[in-house]
Asker: 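Before we start, here is the structure in question, set down as structure tokens.
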Amino acid sequence: MGLTKRYNPHTIEPQLQSMWRDSMTYYFNQKQSEETYIIDTPPPTVSGHLHLGHVYSYSHADFFARFWRMNGRNVLYPMGFDDNGLPTERLVERRLKMSARDMGRSEFIKQCQKVSVEAEIEYETLWKRLALSVDWRFTYRTIDDDVRRISQLSFIDLFKKNLIYRKRAPTIWCPECRTAISQADVSDMSRESEFVTLSFELDGHSFPIATTRPELLPACVAVFVNPDDERYGDMIGRMLRVPLFGQQVKIIADPAADPEVGTGAVMCCTFGDTMDVAWWRTYDLNLIEAISSDGTMTDSAGEFAGMDITTARRSIKEKLIGAGLLDHKISIEQNVRVHERCDTPVEYIVTSQWFVRILENKEKFLENGRQVDWYPAHMKNRYAQWVENLSWDWCISRQRYYGVTFPIWYCTECEEVMLALESELPVDPVESQPGRNCSCGNDSFTPDRDIMDTWATSSLTPQLVGRWLQKSGFDGQIFEPISIRTQAHEIIRTWAFYTIVKSQYHFNSLPWKTAAISGWALSPSGSGKISKSKGGGPLPPMEMIERYSADAVRYWAASTSLGKDAIISQERVQAGAKLVNKLWNVSRFAQRFIAEYQPGKKIPELSPADRWILSGLQEVIEQATENFRTFDYATVKSMLEIFFWNELADNYLEMAKQRLYEGENPGFDGARFALFQALLNIIKLFAPFLPHVTEQIYQGLFSRGEHFKSIHLSPWPEKEPVLIDPSAQEFGQVLTQIATAVRRYKSDNGLSLGFELNALQLATPDTDFRDLLGQAQRDIASITRVKSINIDTKTYPNLTELETIGSLHINLVGE
RNA sequence: GGGCGCUUAGCUCAGUUGGUUAGAGCGCUUCGUUUACACCGAAGAGGGCGGGGGUUCGAGUCCCUCAGCGCCCACCA
């Protein structure tokens, strides 16, 4: 099969994708005994729209998959979909403009499933079009039965190991989503806020206290001052009267109260922030719940009961002003903690939730983090810092609907937990009953109606991928660390951390040996000029692929190294498209000489140019391989590009052309051999990045000789030590410089590069140098288009001097 | 407040363990249809590597320091 004149990615790419699918190119071989390479790639969560950030980091995983596959590993590269949980729920609520509560549990779940399926199709279509070399037979969905079974089993295992507990306690709460959330679900948001100073009352006198949250006055249970604050020294232990609400609260001294802030006295409410929670615990204070789980004020707020938080704050302030109890207010920039899924400020309210014990094992998790190889290495710090700063156990229960249910019921008599049996999993406790008696003899139970945090399930992806407990999968079960986790940096604190937790608790092992952390793709809009000059933001991934090709988009994704954020750049994608085209054209040029050719065992006689390019090739093979092993795909890509374009295409081919065109001549075999080797190896090295064009070239020129059905199943290049020749590489530089000197002459004189010059004189007193130049006569003549080359010991008068390189003088004869 | 990363041509980025005149792509200038390619080729212009100090025969490359940007974490009455 020959190469067509033009390479059209829009038709070829889908054709190749079908071919790979039909010939099961990316299948993991379950029977094969070769070393496996198992990839734990993020199951994307339903987000509503796909962007190039997805393409960016998933491409990186695919580079590794393809590299290791060509290196003989039996690669298992599955895809998953994290369809359960709040992201899907939020999306459904947004789309239908209706809350889950209003829709009803079963209808809502139905809608979530529908949206999940649609989103998954969209993802799968994109992944396939991008040519991720996924084995789609192993796809998992976090809402599927077998995944729910594993997730519930995980719960039961943790329960039996006493690593999980249920407790009624202050919990981080999202009033918008009306569920408990975990520390990891919280992020910061900066906003304008009003810091007001209120008059508390001490023995008939005003006692000013500043706060941003006057609506919490009904929940005020104490006031704290710093023990060293002279203003308050004699007031400690006395009682204050809370404005408007009238309850009496004690003044307590605690070093955490900062004399510099506000009036130095701070009210403690149950609960305004984590400090309040800590004080409440330490001093065993009263509990007054001012805010209910739906984000409205409770009866404790008296006339303000039922108002939402913002309205209550405003109303209470107005009332305070009216009563002359609000001294003054100032505007401040305040950082508030918000639920990252909806940006709603979180509250701390007392509820019963399930927690996984993580605080007591921080040290172990830090140790495990140190044992993982992080790429880039500094991502390890990010993990460590998160673990060190953890201050809550992992709350895994959510008062939501679409997710994995807890496999438990509570006895209506003694409230003891009844676990489902492993054989019953997956189970929805709302839909069934234990069918056996509680240890107290009672046979009536209430189900746990919550669902699990989505991370409680996705933290098991190494086990899902490893087919934990599935007899239908591999022989045996894979619990040992799998090869690699690829993910972006923002979910180190969630996905990476929780995965380490689960593997530790279930198997006392690491989940994976290596974590490769990608950065983000950033929109160019923030950086000014680019978006202005090109108009508008980045294209959606599918449009980008359609406009330029999947290979071109992948090229962009390979252009910024692991861990770094990449600006989305159409220019960069375009450069990828040009590279694809160049690869095609070089191959079309080569086709004429190597289509029927198969190099023999014996290396033919090589010209200096042949030796130069072949030695350079060995160096590229070696360095590309080394860099790929340390996940530095970006260096590999750029090194290949320079070698291919600047050295092979721009210079070597010009040096070899004469010998190639002439056919049977003493230099022909060498040129053909070098061209064959260089091109075959280059397309193999490019294959992980540009799977389509390299495959098409391989099918056209090389597969017949190599006997592999796909370049992606062919072996990765290995360097040939006999072809390594440092002096040839040095001399290659000289050849290039001679070419440049002549090209400059033509350029300066407005001559075409094809213009035939009569004679070139190369003069040097160095005998060995002259000998080499003699061997390279045809190489030089070919690239310079000079009819004759005179090699002399010294220059003569009346020559046009073009360049001097060391002892070598390059002169033009008689023009 | 703590941590991490970044700061190299107009733009987007490479610059290995410190070593000759700092690189690429895009953009720009001039020129050019050579039996692969105008999605091309050639020749150029353009930066002295954020500021300052130091180590060294020699530093984008190591050390100190300052500044700006970004991210993470903490605080956030």
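In what follows, chains carry the letters A, B, and so on, assigned in the order in which the sequence lines appear, proteins first and then strands, with residues in each chain numbered from 1.
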Asker: Scan residues 648-656 of chain A against RNA chain B and write down, sorted by residue number, each residue with any heavy atom closer than 4.0 Å; if none is found, say none.
Answerer: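 A/Ala649, A/Asp650, A/Leu653, A/Glu654, in order of number.
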
Asker: For A/Tyr56, which residues count as a ring-ring contact (aromatic ring centres under 6.0 Å, His included) partner, sequence neighbours excluded?
Answerer: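 Counting only residues at least two positions away or on another chain, A/Tyr56 forms a ring-ring contact (aromatic ring centres under 6.0 Å, His included) with A/His60, A/Trp556.
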
Asker: Only counting residues at least two apart or in another chain, list the ones meeting ring-ring contact (aromatic ring centres under 6.0 Å, His included) with A/Phe195.
Answerer: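 Applying ring-ring contact (aromatic ring centres under 6.0 Å, His included) to A/Phe195 gives none.
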
Asker: With rounding to whole Å, what would you report as the distance between B/A9 and B/G48 at their P atoms?
Answerer: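 It comes out at 8 Å once rounded to the nearest Å.
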
Asker: Between B/G2 and B/G60, how far is it from one C1' atom to the other, in whole Å?
Answerer: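 Taking atom C1' in both B/G2 and B/G60, they lie 28 Å apart.
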
Asker: What dot-bracket string describes RNA chain B from 5' to 3', counting Watson-Crick and G-U wobble pairs whose defining distances are under 3.5 Å, with [ ] for crossing pairs and | for pairs to another strand?
Answerer: (((((((..((((.....[...)))).(((((.......))))).....(((((..]....))))))))))))....

Asker: With a 4.0 Å cutoff (strictly under), does any side-chain N or O of A/Ser561 reach OP1 or OP2 of B/A14?
Answerer: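 Yes, within the criterion.
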
Asker: Do A/Pro214 and A/Val196 make a side-chain contact, defined as non-hydrogen atoms from C-beta onward lying under 4.5 Å apart?
Answerer: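 With C-beta onward as the side chain, the pair touches.
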
Asker: In whole angstroms, how far is the C1' atom of B/C39 from the CH2 atom of A/Trp584?
Answerer: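 Atom-to-atom, A/Trp584 to B/C39, this comes out as 15 Å.
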
Asker: Test of understanding: with side chain to side chain donor-acceptor pair (under 3.5 Å), list the residues that count as partners of A/Gln574, not counting sequence neighbours.
Answerer: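 Not a single residue meets the side chain to side chain donor-acceptor pair (under 3.5 Å) criterion with A/Gln574.
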
Asker: With sequence neighbours excluded, tell me which residues meet side-chain contact (heavy atoms from CB on, under 4.5 Å) with A/Thr270.
Answerer: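 With sequence neighbours excluded, A/Thr270 shows a side-chain contact (heavy atoms from CB on, under 4.5 Å) to A/Ala219, A/Val221, A/Trp280, A/Leu287, A/Ile288, given in chain and number order.
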
Asker: Rounded to the nearest angstrom, tell me the gap between atom CZ in A/Phe589 and atom C1' in B/U34.
Answerer: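 Spelled out: CZ on A/Phe589 to C1' on B/U34 is 11 Å.
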
Asker: Specify the separation, in whole Å, of atom CG of A/Asp188 and atom P of B/A74.
Answerer: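 Result: 7 Å.
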
Asker: Considering only B/C39, B/U12, B/A77, which nucleotide approaches the side chain of A/Ile567 most closely?
Answerer: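 Closest nucleotide among those given: B/U12.
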
Asker: Is there aromatic stacking of A/Tyr661 against B/U35, centre distance under 5.5 Å, plane angle under 30°?
Answerer: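 It does: the two rings, one from A/Tyr661 and one from B/U35, meet the stacking criterion.
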
Asker: Tell me which donor-acceptor pairs under 3.5 Å the side chains of residues 639-649 of chain A have, and how far apart each pair is, sequence neighbours excluded?
Answerer:
from: A/Glu641; atom 1: OE1; to: A/Tyr555; atom 2: OH; distance (Å): 3.2
from: A/Glu641; atom 1: OE1; to: A/Lys637; atom 2: NZ; distance (Å): 3.4
from: A/Glu641; atom 1: OE2; to: A/Tyr555; atom 2: OH; distance (Å): 2.4

Asker: Determine the interatomic distance between C1' on B/U8 and the same-named atom on B/G25; round to the nearest Å.
Answerer: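 To the nearest whole Å, 15 Å.
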
Asker: With a 4.0 Å limit, can you tell me whether A/Gln334 has a side-chain N or O closer than that to the phosphate oxygens OP1/OP2 of B/A77?
Answerer: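 Checking B/A77 against A/Gln334, a side-chain N or O does come within under 4.0 Å of OP1 or OP2.
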
Asker: Could you work out, with ring-ring contact (aromatic ring centres under 6.0 Å, His included) as the rule, every residue matching A/Phe731, not counting sequence neighbours?
Answerer: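 By the ring-ring contact (aromatic ring centres under 6.0 Å, His included) rule, A/Phe731 matches no residue at all.
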
Asker: Decide if the gap between the ring center of A/Phe628 and the ring center of A/Phe689 is smaller than 6.0 angstrom.
Answerer: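 Yes; A/Phe689 has its ring centre under 6.0 Å from that of A/Phe628.
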
Asker: If the C1' atom of B/A22 is compared with that of B/U35, how far apart are they to the nearest Å?
Answerer: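 These two C1' atoms come out 39 Å apart once rounded.
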
Asker: Does A/Arg744 put a side-chain nitrogen or oxygen below 4.0 Å from OP1 or OP2 of B/G44?
Answerer: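 Yes, because at least one side-chain N or O of A/Arg744 sits under 4.0 Å from OP1 or OP2 of B/G44.
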
Asker: Below 6.0 angstrom between ring centroids: does that apply to A/Tyr232 and A/Phe224?
Answerer: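 A/Tyr232 vs A/Phe224: aromatic centres not under 6.0 Å.
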
Asker: Between the protein and nucleotides 17-27 of chain B, which nitrogen or oxygen pairs come in under 3.5 angstrom?
Answerer:
from: B/C26; atom 1: OP1; to: A/Lys578; atom 2: NZ; distance (Å): 2.5

Asker: Excluding sequence neighbours, so at least two apart, what forms side-chain contact (heavy atoms from CB on, under 4.5 Å) with A/Thr282?
Answerer: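 With neighbours one apart ignored, the set is empty.
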
Asker: Is it true that A/Lys317 and A/Glu194 make a salt bridge, defined as a side-chain N closer than 4.0 Å to a carboxylate O?
Answerer: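 A salt bridge links A/Lys317 with A/Glu194.
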
Asker: Quick one, give me the B/S/- string for nucleotides 3-9 of chain B, reading 5' to 3', where B means a protein heavy atom under 4.0 Å from the base and S means that only happens at the primed atoms, P, OP1 or OP2.
Answerer: SSS----

Asker: Under 4.0 Å, heavy atoms only, any strand: does A/Thr263 hit a base, just the sugar-phosphate, or nothing?
Answerer: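 If one applies the 4.0 Å heavy-atom cut-off, A/Thr263 turns out to touch nothing in the nucleic acid.
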
Asker: Does NZ in A/Lys329 sit with more than 12 non-hydrogen atoms of other residues, nucleotides or ligands closer than 6.0 Å?
Answerer: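 For A/Lys329, atom NZ is not crowded (no more than 12 foreign heavy atoms under 6.0 Å).
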
Asker: Under 4.0 angstrom, heavy atoms only, what part of the nucleic acid is A/Gly750 near: base, sugar-phosphate, or nothing?
Answerer: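 A/Gly750: backbone/sugar contact only, no base atoms under 4.0 Å.
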
Asker: If I take atom CD1 in residue A/Ile568 and atom C1' in nucleotide B/C11, what distance separates them, rounded to the nearest angstrom?
Answerer: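 About 16 Å, once rounded to whole Å.
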
Asker: Hey, is the side chain of A/Gln183 poking within less than 4.0 Å of OP1 or OP2 on B/A74, counting only N and O atoms?
Answerer: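 A/Gln183 to B/A74 OP1/OP2: side-chain N or O found under 4.0 Å.
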
Asker: Pick base, sugar-phosphate or nothing for A/Ala741, based on heavy-atom distances below 4.0 Å to the nucleic acid.
Answerer: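 Nothing: the residue A/Ala741, judged by heavy atoms under 4.0 Å, touches no strand.
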
Asker: Between A/Lys582 and B/G41, is there a side-chain N or O to OP1/OP2 distance below 4.0 Å?
Answerer: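 Result: yes.
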
Asker: Please list, chain by chain and in numerical order, all residues satisfying salt bridge (Lys or Arg N to Asp or Glu O under 4.0 Å) with A/Arg629, sequence neighbours excluded.
Answerer: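 Scan of A/Arg629 (salt bridge (Lys or Arg N to Asp or Glu O under 4.0 Å), adjacent residues dropped) gives none.
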
Asker: For A/Asn389 and B/A74, give me the distance from atom CG to atom P, rounded to whole Å.
Answerer: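 In whole Å, B/A74 P and A/Asn389 CG are 6 Å from each other.
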
Asker: For B/G47 and B/G10, measure between their C1' atoms and round to the nearest Å.
Answerer: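 Here B/G47 and B/G10 have their C1' atoms 11 Å from each other.
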
Asker: Flag the pair A/Ile517 / A/Leu562 as yes when at least one side-chain heavy-atom distance between them is below 4.5 Å, and no otherwise.
Answerer: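 A/Ile517 vs A/Leu562: side chains apart.
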
Asker: Under 4.0 Å from OP1 or OP2 of B/A77: is there any side-chain N or O of A/Trp279 that close?
Answerer: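 So the side chain of A/Trp279 is outside the cut-off, no N or O lying under 4.0 Å from OP1 or OP2 of B/A77.
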
Asker: With C1' as the reference atom in both, quote the distance from B/A74 to B/C64 in angstrom, rounded to an integer.
Answerer: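 Result for the C1' pair: 27 Å, nearest Å.
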
